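Following: one structure in structure tokens, then a few remarks.
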Amino acid sequence: MRTKQNVNIGIDGITCTLSGCYITKEIKYPENSKQYFIKITPERTSTKIAIVLPRVLRENNIIAYRASDTTKILDTIQGINQVLKKYLRRDWSDLYVDQLEVACTVDLGRIDEDSIYSLTQFMSMLFLEEKKPKKGGKNNAIKTKPVMKYCSGIPVKNCIYLKKEGVDSGETSILSNKRLKFKWYSKGAGSEFGGNTSIFRIEGVYCLRGIQHVMRNKDGYITLQDILKTDVIRKFIMQFKRDYIEIVEPRIKGCLEELEEIMYEQLHESTVYNSFLISEQYMFDFNIFLRALKKYYKEQDKTEGSYRKMKSVITKRMNEETIVIPCRMISVLDSISKEIHR
């Protein structure tokens, strides 16, 4: 039975700087809570303030802060100011924004750790970049800056990665447009939509240059007061949608086509089930193999019935040999794309 996948897009975290105000230790509010919505961190010459915007209004941040939430803008401001005045004797108008996260969150509707793991691995492969020589470097020197955090830590020839153990997540470096980076991760189980479920999130993390681009303010500082407006929230959501369409979707399309072609070519070299076993190592979704198989059977002038029979045979052997291949990754990506194009 197909499970409904809920998708929402909105602002998640906002990181700000407060100058001329110093504290001696880190403060989280509410205190002694894992679901804090403000973290205040002392730095050498300033104070860093991280706000998880949805938690100002809700118990968690599974549903991001959407444009519709600005109907409660006074509650949002009051919640933030309450903390700032209590600990710092300042208010929200004094905060300069350094970073802003736009989150696209997918609730899979039920626990499905295999699909979440497959999604994080697939996204990591999309953004994996090769080592490149430094321009004008001596002796063709190689860049050593890691271009991303790779979730599995599996070595990939000629690629740079950071091992991040025990966490289903990945993160790029700032992209070539110098405006944002992407990160993706599992948010674990538990949902505001009801019941236990698996939750996947991909975020566009906009640095100051990216924020200035959205605000059409190339040189000036951006305050939190500038951000927390209905039209501005909408602008950031629309910018994230454009960046996803221009940067992420072409990579997804190209990668899926390439994987399908590899499996299709493999079917010419071996039996169907052996080809399936050989392809298993990069089979992020069983449906990729089924697409290749259908294309192969059509080429061989075999009937739809023959295809369905072979599909049944493979599924039966997978169950007998306890082979687990996720089959919802493409469906999740389609759900994200549908919401992005709304």
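Please read these numbers as outputs of a predicted model, since none were measured by experiment.
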Original post:
Quick one: ring pair (Phe, Tyr, Trp, His ring centres under 6.0 Å) partners of Tyr221, sequence neighbours excluded?
Top reply: Tyr96
Subject >> Minimal non-hydrogen separation, Ala103 against Asp12, with atom names >> reply: CB-CB, 4.0 Å
**OP:** Please answer whether the main-chain N or O of Pro30 pairs with a side-chain N or O of Ser33 as donor and acceptor at a distance below 3.5 Å.
**Re:** no
**OP:** Using distance alone, with no hydrogens and no angle criterion, decide if Tyr185 and Glu171 have a side-chain donor and acceptor under 3.5 Å apart.
**Re:** no
**OP:** Group every Ile, Leu, Val, Met, Phe, Trp and Tyr by side-chain heavy-atom contacts under 4.5 Å, then state whether Leu293 and Tyr273 land in the same group.
**Re:** yes
Subject >> 4.5 Å side-chain heavy-atom contact, Arg90 and Leu18 >> reply: yes
**OP:** Following the transitive rule for hydrophobic clusters with a side-chain heavy-atom cut-off under 4.5 Å over Ile, Leu, Val, Met, Phe, Trp and Tyr, establish whether Ile340 and Leu119 coincide in one cluster.
**Re:** yes
Original post:
After noting the C-alpha distance and the side-chain angles of Ser275 and Tyr296, does the key distance pass the side-chain hydrogen bond (donor to acceptor under 3.5 Å, both in side chains) rule?
Top reply: CA-CA 12 Å; Ser275 296; Tyr296 174 72; over 6 Å; no
Subject >> Sidechain-backbone polar pair: Arg58 side chain, Ala64 backbone, donor-acceptor under 3.5 Å >> reply: yes
Original post:
Which heavy atom of Leu208 sits nearest a heavy atom of Val97, and at what distance?
Top reply: CD1-O, 3.6 Å
Original post:
So do the side chains of Ile14 and Leu95 get within less than 4.5 Å of each other, counting heavy atoms only?
Top reply: no
Subject >> Side chain proximity check, Ile288 to Tyr282, heavy atoms < 4.5 angstrom >> reply: no
Subject >> Verify same cluster id: Ile247, Met238 (apolar side-chain graph, 4.5 Å) >> reply: no
Subject >> Side-chain heavy atoms of Leu180 within contact of Leu175, under 4.5 Å >> reply: yes
Original post:
Where do Arg55 and Glu59 land on the side-chain contact (heavy atoms from CB on, under 4.5 Å) test, with the steps shown first?
Top reply: CA-CA 6 Å; Arg55 290 186 193 158; Glu59 290 184 0; over 6 Å; no
Original post:
Closest approach of Val106 and Gln5, non-hydrogen atoms and distance?
Top reply: CG1-CB, 4.3 Å
Original post:
Of the non-hydrogen atoms in Tyr29 and Val83, which two are nearest, and what is the gap between them?
Top reply: CD2-CG2, 3.2 Å
Subject >> side-chain contact (heavy atoms from CB on, under 4.5 Å) evaluation trace for Ile40 with Glu26 >> reply: CA-CA 6 Å; Ile40 305 171; Glu26 182 180 87; over 6 Å; no
Original post:
Tell me, do Trp184 and Thr172 make a side-chain contact under 4.5 Å, heavy atoms counted?
Top reply: yes
**OP:** May I ask you to decide if Trp92's main-chain N or O and Asn81's side chain share a donor-acceptor pair within less than 3.5 Å?
**Re:** yes
Subject >> Lys253: partners by salt bridge (charged side-chain N to carboxylate O under 4.0 Å, His left out), with sequence neighbours left out >> reply: Glu257
**OP:** Ignoring hydrogens and angles, tell me if any N or O in the side chain of Arg89 forms a donor-acceptor pair with the backbone of Lys86 under 3.5 Å.
**Re:** no
Subject >> Carboxylate-amine/guanidinium contact Arg342 Glu339, below 4.0 Å >> reply: yes
Subject >> Donor-acceptor contact present, side-chain Ser118 to main-chain Asp114, <3.5 Å >> reply: no
Original post:
Are Ile252 and Phe286 co-members of a hydrophobic cluster defined by side-chain heavy atoms under 4.5 Å apart?
Top reply: yes
Subject >> Transitive ILVMFWY side-chain link Val7 to Ile116, under 4.5 Å >> reply: yes
Original post:
At their closest point, which heavy atom of Arg66 faces which heavy atom of Ile63, and how far apart are they?
Top reply: CZ-CG2, 3.4 Å
Original post:
Which atom names give the shortest non-hydrogen contact between Thr76 and Tyr65, and what distance separates them?
Top reply: OG1-OH, 2.8 Å
List the atom pairs, donor and acceptor, that lie under 3.5 Å between side-chain atoms in residues 43-52 and the rest of the protein, sequence neighbours left out.
{"residue": "Thr47", "atom": "OG1", "partner": "Cys21", "partner atom": "O", "Å": "2.4"}
{"residue": "Lys48", "atom": "NZ", "partner": "Thr17", "partner atom": "OG1", "Å": "3.1"}
{"residue": "Lys48", "atom": "NZ", "partner": "Asp98", "partner atom": "OD2", "Å": "3.0"}

Subject >> Pairs involving residues 226-244, ordered by first then second residue, that meet salt bridge (Lys or Arg N to Asp or Glu O under 4.0 Å) (sequence neighbours left out) >> reply: Arg179-Asp243
Subject >> Verdict with supporting geometry, Phe122 and Phe284, ring-ring contact (aromatic ring centres under 6.0 Å, His included) >> reply: CA-CA 7 Å; Phe122 181 74; Phe284 298 96; 5.4 Å; yes
**OP:** Output the distance between atom CG (Asn61) and atom OG1 (Thr105), rounded to the nearest 0.5 Å.
**Re:** 7.5 Å
Original post:
Is there a donor-acceptor pair under 3.5 Å between the side chain of Asp107 and the backbone N or O of Ile199?
Top reply: no
**OP:** Would you indicate whether Lys311, at its atom NZ, is surrounded by more than 12 heavy atoms from other residues, nucleotides or ligands within a distance under 6.0 Å?
**Re:** no
**OP:** Determine whether more than 12 heavy atoms belonging to other residues, nucleotides or ligands lie under 6.0 Å from atom CD of Glu280.
**Re:** yes
Original post:
Is a salt bridge present between Lys183 and Glu101, judged by a nitrogen-to-oxygen distance below 4.0 Å?
Top reply: yes
**OP:** Would you check if there is a donor-acceptor pair between the side chains of Ser312 and Thr315 at a distance under 3.5 Å?
**Re:** no
Original post:
Can you find a heavy atom in the side chain of Phe37 that is under 4.5 Å from one in the side chain of Pro54?
Top reply: no
For a quick test of your reading: what N or O donor-acceptor pairs under 3.5 Å do the side chains of residues 263-272 make, sequence neighbours left out?
{"residue": "Tyr264", "atom": "OH", "partner": "Glu299", "partner atom": "OE2", "Å": "2.5"}
{"residue": "His268", "atom": "ND1", "partner": "Tyr264", "partner atom": "O", "Å": "2.9"}
{"residue": "His268", "atom": "NE2", "partner": "Glu299", "partner atom": "OE1", "Å": "2.7"}
{"residue": "His268", "atom": "NE2", "partner": "Glu299", "partner atom": "OE2", "Å": "3.4"}
{"residue": "Thr271", "atom": "OG1", "partner": "Asn274", "partner atom": "N", "Å": "3.2"}
{"residue": "Thr271", "atom": "OG1", "partner": "Asn274", "partner atom": "ND2", "Å": "3.2"}

Original post:
So do the side chains of Gln99 and Tyr206 get within less than 4.5 Å of each other, counting heavy atoms only?
Top reply: no
Original post:
Taking C-beta and beyond as the side chain, do Leu224 and Leu228 meet within less than 4.5 Å on heavy atoms?
Top reply: yes
**OP:** Taking only Lys NZ, Arg NE, NH1 and NH2, and the carboxylate oxygens of Asp or Glu, determine whether Asp112 and Arg328 approach each other closer than 4.0 Å.
**Re:** yes
Subject >> Test side-chain contact (heavy atoms from CB on, under 4.5 Å) applied to Ile325 and Phe289, step by step >> reply: CA-CA 10 Å; Ile325 304 292; Phe289 182 79; over 6 Å; no
Subject >> Under 3.5 Å: donor-acceptor pair, side chain of Thr120, backbone of Tyr117 >> reply: yes
Original post:
Going by atom types alone, do Ser337 and Glu249 pair a side-chain donor with an acceptor below 3.5 Å?
Top reply: yes
Subject >> Counterpart residues, salt bridge (charged side-chain N to carboxylate O under 4.0 Å, His left out), relative to Arg209 (two or more places apart) >> reply: none
